[in-house]
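Down below is the structure, laid out as structure tokens.
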Protein chains: 2
Amino acid sequence: MAKAKKTPRPRAQTPKGFRDYFGAEVTHRAAMLQAIAQVYHRYGFDALESSAVETVEALGKFLPDVDRPNEGVFAWEDDAEGWVALRYDLTAPLARVYAQHRNDLPLPYRRYAMGPVWRNEKPGPGRYRQFYQCDADTVGSGSVAADAEICAMLADVLETVGIPRGDYIVRVNNRKVLNGVLEAMGVADEGQQAAVLRTIDKFDKVGEAGVRELLGKGRLDASGAYIDGVGLGDDQAEPVIAFLTSKGDTAQATLANLRAAIGDSTIGAEGVDELDQIAGLLSAQGYGPDRIVIDPSVVRGLGYYTGPVFEAELTFEILDDKGRKRQFGSVAGGGRYDDLVKRFTGQAVPATGVSIGVDRLLAALHEKGRIETRAEGPVVVTVMERERMADYQSMVAELRAAGIRAEVYLGNPKNFGNQLKYADKRASPVAVIEGEDEKARGVVQIKDLILGAKIAENASLEEWKERPSQFEVPRAELVARVRAILDGPA
Amino acid sequence: MAKAKKTPRPRAQTPKGFRDYFGAEVTHRAAMLQAIAQVYHRYGFDALESSAVETVEALGKFLPDVDRPNEGVFAWEDDAEGWVALRYDLTAPLARVYAQHRNDLPLPYRRYAMGPVWRNEKPGPGRYRQFYQCDADTVGSGSVAADAEICAMLADVLETVGIPRGDYIVRVNNRKVLNGVLEAMGVADEGQQAAVLRTIDKFDKVGEAGVRELLGKGRLDASGAYIDGVGLGDDQAEPVIAFLTSKGDTAQATLANLRAAIGDSTIGAEGVDELDQIAGLLSAQGYGPDRIVIDPSVVRGLGYYTGPVFEAELTFEILDDKGRKRQFGSVAGGGRYDDLVKRFTGQAVPATGVSIGVDRLLAALHEKGRIETRAEGPVVVTVMERERMADYQSMVAELRAAGIRAEVYLGNPKNFGNQLKYADKRASPVAVIEGEDEKARGVVQIKDLILGAKIAENASLEEWKERPSQFEVPRAELVARVRAILDGPA
């Protein structure tokens, strides 16, 4: 018999669609989450961290996108609990938490939550199967004041993290108005209603004429394929078109257009009234249409939410992969969903909230150069004499005690060049050198690596030439002189 | 045919062994993690957040506890990737990350990581299947200076989060010394070595005499069951006992005892030398035996680690469930594990690190009353006239702009008593009231709920009686007067 084959080495690889985050990627996100949490907290929202694992039963099938398959979650069978799954968002767990703890929680319950969620979807460029969400929701208030508050808070959050007024807009729409439009169209069949919703979702892409075609007989799309239409009459399309194009110069003009679009639908009128109240509340608090605007062209999530719907877009332009200008686009969305808790308790509990796409928001700030990318590498104390490690450790201890990030080189100290290469890879601002000779004379060498890099980049500049990038200082002055370099020239 | 039964309502319940964290539980942990991250960062460690999901292949079976079954992870089969699992600690993922990204990472690579890990174990009281870890590791340095640095950093972390010197001790042992002891015992058989390790693990429980019995013929345990022994001769037990009881009054005394215990074992001598160097490095940096001590009775993890082993214990006493005094115990552990990366690359990469049990550390701080438990509920602006919601929203907007946590009551405002009950449940310091009459006179009522609660608690105190817990102020003074209450009496 042949000798048993050795177990092959495992591949060192994240599963497809998952990734690792290093250094500043982690700390910048943490800082942003903390800034957002502070705004949420100031608005009276309490932190909640629910379990990452839920029973499949509790999670339900409440994914916001209509077309999502049930298989969109990572699920497995637990010996004791049956099927369990990783949360796919922070809203479904909130419904479970509220139903489970409702006797102990205040009513209304304002809560915020931040953390990873997992989606079992085909990964693509920039599309990961684990990503962060950062949500705030109010459970147990049917008042539109709760919706208005979420919108105002969203605007505050964006400004707090570094998106200035003018670079973002929060758009508000209302599912009830759409229901009114469906009534005005005379579309009562649920299948046809769903088809109309799907068509509306394509408004961004196909425009007014495209929507008319898709609601009617159908449409030849760009690829040459013929897309069947919903089969409605031409005049039935009018209320939808009126709805989608109702945005006027002022909130009042938009609201008037909407009232026309919904005809005499009661639910539609309720929806328009709600938008009217939201606009009024926000305007009274100083949130004008430069920040938050009633905009019925917002259709994302209309199939999921039951009342007001919000979306925050960044309006500045970036260059896409092909070098074309385009708006950065959506970074947050939300709305009212009054049926989520009912699954558990049988009682309808009104709820409204928002989810911020933290990773997209971070990407936007990078795009605008609003995130500090200055190297914050540590001061590296090099090791000239292996047996004097305690001396070098004392130096870093002093530096740290002064609040300076510092470390001793802990690799093989034999090759000094490797130590300097290491300092370079660490983006260290300063290297400290103390050999036998320096030790004897009570001094250390300080190598200004920031200046060194500048000189290497542009050696002709006289100002660099005059300043030595390496100099000797008394050992006792180590901390003060390093500090001076870190603080930069006066 | 009978009518199809309605789907039963889902249970609103976390899976067994999982839980939710509310409000201060979340924010206190976040604050602690941030404080720890700052210390790690100052020591030159970089943040890493690896994927929560790993291939089972990459994760391996490196759980620190020898007796753990392979089934200790939550795993499922992915269509594309085969078997994947939730990480059970932050060390196995580090090995994968380092192997995957080694060409881009500095060498040595110091990294910290914090986040939840998942264990598929039987849950028990206080034992959850999802919990936080907070690790720091140095990959690629074989120097004991790296181990000493981890120990010093651990002491700094404990003091930073609020455990004063004297209330904790970091104990250091070395697996190599134990290997030397096994050599001195003449135990070369791997099965017998494992049996000796398991016996040593029971030293805490059964003491010196118990260990002697268990190494020899066996022992009648407290429950009356007879536990078979390893079957060694009496004299073979001597080196183990010498090892376990070698702690002397000084590091030098301990080291001398250890040298005696290992006889002429080379690996044992190497281990003692390492401990000697660690003690020397730490002492040179001012970390005396009141903070970090060589202590061979630390046996947890000796089966897993390959060199120095560390454990941080809190030494103050608490009362257990039965009201008996006991030491709080271990809150962090770690050590050197030189073989972890080798699985992937074939090359041995030395590594050393520590893992802090954040939840236990938080529990300890609570126990000692070192965590601020002052209510930080929001100011609640009550709703007296539903149609004047914009007025109330303006008040909270002003309060928030002044940095004061504030919210409008968003429940049904009909019953004013419910609004005050809500404020009570939110631990609100202040309620603000503005009815029709107040509005007309340009004033608001301020209800000092902190004072109100004190009066309710002890109505006889004259000082409370003299101060009204509700008073009227001009609307324009709202923010200033609320601020005065929050700041407390001068």
Side-chain angles (χ1 to χ4, degrees), chain A residues 9-16 18-23 26-27 41-44 46-53 55 57-58 76 80-81 84 96-97 99-100 106-108 116 130 138 141 143 145-146 280-281 284-285 343-344 378 389-390 393-394 397 400 405 407-408 410-411 422 425-426, chain B residues 9-10 12-16 18-23 26-27 41-44 46-53 55 57-58 76 78 80-81 84 96-97 99-100 106-108 116 130 138 141 143 145-146 280-281 284-285 343-344 378 389-390 393-394 397 400 405 407-408 410-411 422 425-426:
Chain A
R9 282 185 201 140
R11 283 167 310 148
Q13 197 75 46
T14 39
K16 273 187 203 69
F18 292 89
R19 56 162 292 195
D20 305 311
Y21 296 83
F22 294 90
V26 179
T27 51
H41 185 261
R42 204 162 64 237
Y43 268 81
D46 274 350
L48 168 68
E49 183 168 331
S50 65
S51 161
V53 179
T55 66
E57 179 190 357
W76 65 92
E81 291 289 312
V84 295
R96 192 271 304 155
V97 167
Q100 181 173 345
L107 181 73
Q130 170 179 330
T138 301
S141 173
S143 166
L281 282 168
Q285 287 170 73
R343 291 178 57 232
F344 295 100
M389 188 54 93
Q393 295 280 19
S394 299
R400 288 174 194 146
R405 190 179 192 207
E407 54 172 58
V408 171
L410 286 181
Y422 171 84
K425 199 154 194 175
R426 298 287 281 127
Chain B
R9 283 184 201 141
Q13 197 74 47
T14 39
K16 275 189 202 70
F18 292 89
R19 58 162 292 195
D20 305 311
Y21 296 84
F22 293 90
V26 179
T27 51
H41 185 261
R42 204 161 63 238
Y43 269 80
D46 275 350
L48 168 68
E49 183 169 331
S50 65
S51 161
V53 179
T55 66
E57 179 189 359
W76 64 93
D78 181 69
E81 290 290 310
V84 295
R96 193 269 305 155
V97 166
Q100 182 173 344
L107 181 72
Q130 171 179 331
T138 300
S141 173
S143 166
L281 283 168
Q285 289 171 72
R343 290 177 60 232
F344 295 100
M389 188 54 93
Q393 294 280 19
S394 298
R400 286 172 195 149
R405 190 179 192 207
E407 53 172 58
V408 171
L410 285 182
Y422 171 84
K425 198 153 196 175
R426 298 288 280 127

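What you see below is based on every heavy atom in this structure, not just the backbone, and it leaves out hydrogens, waters and symmetry mates. Order of the sequence lines fixes the chain letters, A, B, ..., with proteins taken first and strands second; residue numbering starts at 1 for each chain. Quick caveat, the model's predicted, so the values are computed rather than measured.
Contact count against chain A (heavy-atom pairs under 4.5 Å) is highest for B/P106 among B/P378, B/A390, B/P106, B/G411. Put simply, of A/T55, A/V84, A/T138, the one with the most heavy-atom pairs under 4.5 Å next to chain B is A/T55. When each of A/A99, A/S394, A/S143, A/A145 is checked for heavy-atom pairs under 4.5 Å with chain B, A/A145 comes out on top. If you tally non-hydrogen atom pairs under 4.5 Å between each of B/A397, B/A146, B/S141 and chain A, the highest count goes to B/S141.
For the pair B/T27/A/H41, no side-chain contact is recorded, criterion being any heavy-atom separation below 4.5 Å from C-beta on. Using a 4.5 Å cut-off on side-chain heavy atoms (C-beta onward), A/Y422 and B/P108 make contact. Considering only heavy atoms from C-beta on, A/L281 comes within 4.5 Å of B/M389 through its side chain.
A/R400 and B/Y43 get closest at one heavy-atom pair: NH1-CE2, 2.7 Å. Across all their heavy atoms, B/A58 and A/R11 have their closest contact at CB-O, 3.9 Å. Closest non-hydrogen pair, A/V26 versus B/E49, comes out as CG2-N, 3.6 Å. Taking every heavy atom of both residues into account, A/Q130 and B/V53 meet most closely at OE1-N, 4.2 Å. When all heavy atoms are compared, the tightest approach of B/P10 to A/R343 is CD-O, 3.1 Å.
Both the backbone and the side chain of B/L48 come within contact range of chain A, with heavy atoms under 4.5 Å apart. Within the 4.5 angstrom heavy-atom criterion, atoms from both the backbone and the side chain of A/L410 approach chain B. Heavy-atom distances place the backbone of B/R19, and not its side chain, under 4.5 Å from chain A. For chain B, the nearby parts of A/R96 are the backbone and the side chain; heavy atoms of each come within less than 4.5 Å.
A distance-only check finds no donor-acceptor pair linking the side chain of B/S51 to the backbone of A/F18 [under 3.5 Å]. Here the side chain of B/Q393 pairs no donor or acceptor atom with the backbone of A/A284 at under 3.5 angstrom.
For the atom pair CD (A/Q13) and CD (B/E81), the distance works out to 8.0 Å, reported to the nearest 0.5 Å.
Here B/D46 pairs with A/R426 in a salt bridge; the nearest charged N to carboxylate O distance falls below 4.0 Å.
Every residue two or more places apart in sequence or in another chain was checked for a side-chain hydrogen bond (donor to acceptor under 3.5 Å, both in side chains) with A/K425, and none qualifies.
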